[in-house]
Amino acid sequence: DRCDAGHVLDDDEVVVGARVAVPFTFRHHAVHFEGVVVGISNDSASVSFPDKRRPWQVQRDPLFAVLTFEDVNVKSA
């Protein structure tokens, strides 16, 4: 699912089971998708996404805290 990115996660926050916001570039814009860390190595993490069968290997720097759109208090004008 699409999400927004919170703070950049420190190494000690990137653990198996952690929810993370993974950055991707789409049409020259940064977008973030929520995944769950299922494995870690020195410089990468295996992240499982709900709609994918196999985990993706992604760089650990940077991974972000998940900030869902429901978490954001948006006031309309």
Side-chain angles (χ1 to χ4, degrees):
D1 290 339
R2 243 183 101 200
C3 65
D4 204 355
H7 68 278
V8 174
L9 296 175
D10 293 326
D11 285 341
D12 62 343
E13 295 177 285
V14 181
V15 296
V16 172
R19 293 173 52 219
V20 294
V22 181
F24 292 90
T25 301
F26 178 72
R27 295 186 179 172
H28 307 290
H29 297 284
V31 294
H32 296 84
F33 287 89
E34 181 179 347
V36 176
V37 176
V38 295
I40 54 174
S41 67
N42 288 340
D43 60 351
S44 65
S46 292
V47 177
S48 178
F49 296 96
D51 59 343
K52 301 295 179 195
R53 291 183 184 194
R54 295 187 316 189
W56 284 46
Q57 199 72 20
V58 299
Q59 294 296 313
R60 289 177 60 174
D61 184 25
L63 289 175
F64 298 88
V66 172
L67 182 61
T68 63
F69 294 119
E70 291 81 21
D71 293 336
V72 180
N73 184 11
V74 178
K75 297 180 182 178
S76 58

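- Enclosure of atom CG in N42 is not indicated, since only 12 or fewer non-hydrogen atoms of other residues, nucleotides or ligands lie within 6.0 angstrom.
- To the nearest 0.5 Å, the span separating CG on L63 from CG on D10 amounts to 11.5 Å.
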Quick one: do W56 and F24 satisfy side-chain contact (heavy atoms from CB on, under 4.5 Å)? Show the steps, please. CA-CA 12 Å; W56 284 46; F24 292 90; 3.6 Å; yes
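- With hydrogens and angles ignored, the 3.5 Å screen pairs a side-chain donor or acceptor of R60 with a backbone N or O of S41.
- Checked against V47 for a side-chain contact (heavy atoms from CB on, under 4.5 Å), the options V20, I40, V14 give a single hit: V20.
- Contact detail for A21 and A5: the closest heavy-atom pair is CB-CA, 4.3 Å.
- None of F49, F26, F64 except one satisfies the ring-ring contact (aromatic ring centres under 6.0 Å, His included) rule with H32; the exception is F64.
- When all heavy atoms are compared, the tightest approach of V37 to V15 is CB-O, 3.3 Å.
- Clustering ILVMFWY residues whenever any of their side-chain heavy atoms sit less than 4.5 angstrom apart, transitively, puts V66 in a cluster other than the one holding V36.
- Counted by atom type alone, Q59 and S44 present zero donor-acceptor pairs between their side chains at under 3.5 Å.
- Closest non-hydrogen pair, S48 versus V38, comes out as CB-CG1, 3.8 Å.
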